[in-house]
Amino acid sequence: MSGPDDKKPIDFIRTIIEQDIERNLNGGRVVTRFPPEPNGMLHIGHAKSICLNFGIATQYSNARCHLRFDDTNPEKEEMAYIHSIQEDVRWLGFDWGSHLYFASDYFGRLYELAEVLIQKGMAYVCSLCAEDMRTYRGTLTQPGQESPYRSRSVAENLAMFRAMRAGEYPDGSHTLRAKISMASPNINMRDPTLYRIRRAHHHQTKDAWCIYPTYDYTHCISDALEGITHSLCTLEFEDHRPLYDWILDQLKEEIGCHPQQIEFSRLELEFTVMSKRILTTLVQQRHVSGWDDPRLPTIAGLRRRGYTPASIRNFCSLIGITKAPNHVEMALLENCLREDLEINAPRAMAVLDPLRVVLENLPEDHLEELMVANHSQSEAFGTRMVPLTREIFIERDDFAENPPKGYKRLVLGGEVRLRHAYVIRCERVTRNPQTQAIETLHCQVDWATMNKAPEGRKVKGVIHWVSAQRHGKAHVHLYDRLFSVPQPTDNKGGGTFLDHINPGSLTVLADRPVEESLARAQLGEHFQFERLGYFCLDSCDSKPGHLVFNRSVSLRDSWAKGEKKA
RNA sequence: UGGGCCGUCGCCAAGCGGUAAGGCACCGGAUUUUGAUUCCGGUAUACCUAGGUUCGAAUCCUAGCGGCCCAGCCA
């Protein structure tokens with residue numbers, strides 16, 4: 001791995017870790033973990049966490065990072081996500097080596113430790129139904145009430161918990177709860193649930209269990225069993241830290257390892273959503289084509305859109321790690337991609353809105369095979385052949401009848417350079433007799449201008465083109481932001497995120513002329529279509545003979561910017 | 001309104017008592033066969049506000065103000 005993402009920034013978490021290393025805490029070892037729940041696909045917010053956790057593991061000498069599936073809720077989880085998550089982490093460029101774990105690996109140990117808690121009088125079986133438990137919990141401002149089952153004897157608790165495990169009770173009839181304090185101002189400490197009865201088939205443990213441990217009980221113990229030193233999570237778990245610590249404190253003799261939980265703020269990106277629930281809704285209600293829809297901030301979507309692992313890693317490095325709420329602009333992400341592809345994408349030409357041009361001083365059968373550079377800054381990209389013929393296509397907005405001030409492209413009677421080829425002059429236009437729309441431009445090439453500046457005048461404009469007689473065809477997908485407002489989930493004035501979906505987020509252009517060489521493009525391969533943007537061959541819809549290009553990101557366009565202002 | 005957390009340029013973000021880094025965005029200008037890239041230059045007397053401590057405060061203290069999270073047998 002090389003590139004800008006190698007510059008490791010020092011954030012408050014790394015500062016803590018470096019202090020811990022210096023003080024020889026944990027024998028100088030650093031063990032982190034990335035703990036996804038397999039109930040959806042990963043998104044750019046997860047990438048932030050992945051880059052943090054795995055980044056730390058690669059950066060310090062005595063360090064490693066585990067991939068652990070937090071699979072304690074079988075009803076919502078699927079095997080398919082377990083595969084896609086691993087694929088995404090690997091694609092981002094990270095490796096967990098042999099350290100692949102499942103929280104469900106620890107179900108046996110977790111159960112034993114629950115009995116230990118019961119024996120210590122620190123947990124009890126509660127027979128309140130869900131609704132009653134909510135009432136007993138109290139509110140933000142009022143303390144809760146103790147469950148009437150709170151004082152069951154150790155023996156009774158043990159017997160009942162064993163019966164729960166043995167399947168002697170119906171789903172939801174009892175829970176195992178920690179005995180902490182119903183008066184705690186922290187609601188998470190008001191006797192939180194540790195185990196619930198759920199007859200659900202688990203993707204890993206199959207039907208071995210009918211009781212499942214909760215996140216709060218499972219996570220801290222899983223961390224401790226794996227010898228995690230720094231358990232990094234997002235801010236919403238800050239209120240859970242006292243519980244994380246409480247459980248491990250009770251089990252000090254049994255486990256003897258107490259990882260440090262440190263929280264950082266989650267990533268918010270403008271004009272999109274990061275909530276798994278909302279992403280799932282968008283997919284299920286078909287507002288997008290699937291989890292890998294190129295408009296989605298999922299790793300799969302970004303990959304299909306044309307984002308590169310390096311660009312995403314660089315982005316994660318640039319946004320930093322803090323506890324402050326942050327809403328990062330899309331422009332930063334886009335810039336990271338441009339920065340990568342500017343150096344790494346070969347160039348090609350395509351015309352998205354074609355206007356026919358006849359080069360009248362070329363013979364009908366003119367065929368000039370131009371060898372052009374695949375990258376004007378780097379010879380390593382080699383060359384390709386681009387055929388020049390009498391008829392070509394140029395971009396419709398590269399010609400103007402009434403040019404705005406400062407227009408550098410083609411006008412009637414004016415000159416422009418055809419990229420990699422000659423300077424041409426536009427002599428006249430012909431129109432559609434019905435609509436009066438311009439149909440064809442009639443131009444003359446200046447033979448003296450191949451690889452040479454024209455004599456006695458300056459030609460400022462350069463436009464791209466494709467032969468009308470020898471070209472390939474491609475469908476081109478143009479993407480815009482999925483939502484029309486910066487924070488689609490902020491609905492203070494009523495409504496939902498669905499009200500902010502941008503109806504113009506996808507534009508499909510069919511059968512556009514592209515240069516012949518693109519027929520050899522590989523799935524997922526990146527190109528810069530000169531003067532237009534970066535595109536990548538769609539890994540899903542593209543087939544041999546049927547090219548589909550996704551626009552990953554447009555080029556910067558200071559002209560369009562000025563135009564908009566005028 | 002109980003508890004937890006946060007507040008430095010339009011957006012991220014350094015800074016940890018010695019006089020406001022950097023990136024993105026934006027605005028100029030140079031070079032350019034991509035109006036791209038590259039290159040130069042500009043952009044917070046100011047760090048939520050008000051007091052205080054100090055020779056000196058974004059950094060320490062006090063009081064306010066604003067924002068985010070928490071009442072799943074979700075994670």
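- Judged by Watson-Crick or G-U wobble contacts below 3.5 Å, the nucleotide U38(B) has A30(B) as its partner.
- For Asn335(A), the listed nucleotide lying nearest its side chain is C24(B); candidates were U37(B), C73(B), C24(B).
- Within 4.0 Å (heavy atoms only), Ala130(A) reaches at least one base atom of the nucleic acid.
- Looking at the side chain of Asp557(A), the nearest of the listed nucleotides A25(B), G35(B), C5(B) is G35(B).
- Relative to the side chain of Thr141(A), the nucleotides U1(B), C70(B), C5(B) differ in distance, and U1(B) lies closest.
- Relative to the side chain of Ile187(A), the nucleotides C70(B), C74(B), U34(B) differ in distance, and C70(B) lies closest.
- If you check every strand for non-hydrogen atoms under 4.0 Å, Arg177(A) touches nothing.
- Judged by distance alone, with hydrogens and angles left aside, the side-chain atoms of Ser265(A) form a donor-acceptor pair with the main-chain N or O of Ala324(A) at under 3.5 Å.
- Listed nucleotides: C6(B), A71(B), C70(B). Nearest to the side chain of Asn188(A): C70(B).
- Closest to the side chain of Glu238(A), from the set A75(B), U37(B), C5(B), is C5(B).
- Nucleic acid contact for Leu341(A): none, since no nucleic acid atom lies under 4.0 Å from a heavy atom of the residue.
- Under the 4.0 Å criterion applied to side-chain N and carboxylate O atoms, Glu37(A) and Lys276(A) are not assigned as salt-bridge partners.
- Minimum atom distance to the side chain of Glu329(A) is reached by C24(B), of the listed U33(B), U37(B), C24(B).
- For the pair Arg313(A) CZ and G23(B) P, the interatomic distance rounds to 22 Å; values are reported in whole Å.
- Sorted by first and then second residue, the pairs that involve residues 187-198 of chain A and meet salt bridge (charged side-chain N to carboxylate O under 4.0 Å, His left out), not counting sequence neighbours, are Glu75(A)-Arg198(A), Arg150(A)-Asp191(A).
- For the pair Arg152(A) (side chain) and Val125(A) (backbone), a donor-acceptor distance under 3.5 Å is present.
- Looking at heavy-atom distances under 4.0 Å, Cys126(A) makes no contact with the nucleic acid at all.
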What pairs of nitrogen or oxygen atoms, one from the protein and one from nucleotides 67-69 of chain B, lie under 3.5 Å apart?
| residue | atom | partner | partner atom | Å |
| --- | --- | --- | --- | --- |
| C68(B) | OP1 | Lys492(A) | NZ | 3.4 |

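- Pairing of U49(B), defined by two Watson-Crick or G-U wobble distances under 3.5 Å, is identified with A63(B).
- With 3.5 Å as the limit, one finds a donor-acceptor pair spanning the side chains of Arg33(A) and Ser231(A).
- Ser376(A) comes within 4.0 angstrom of a base, heavy atoms only.
- Comparing G72(B), C5(B), C12(B) by their closest approach to the side chain of Arg137(A) singles out G72(B).
- Atom CD of Glu270(A) is separated from atom P of C11(B) by 9 Å (rounded to the nearest Å).
- Here Tyr215(A) does not pack flat against the base of A75(B), since the 5.5 angstrom centre distance and 30 degree tilt limits are not both met.
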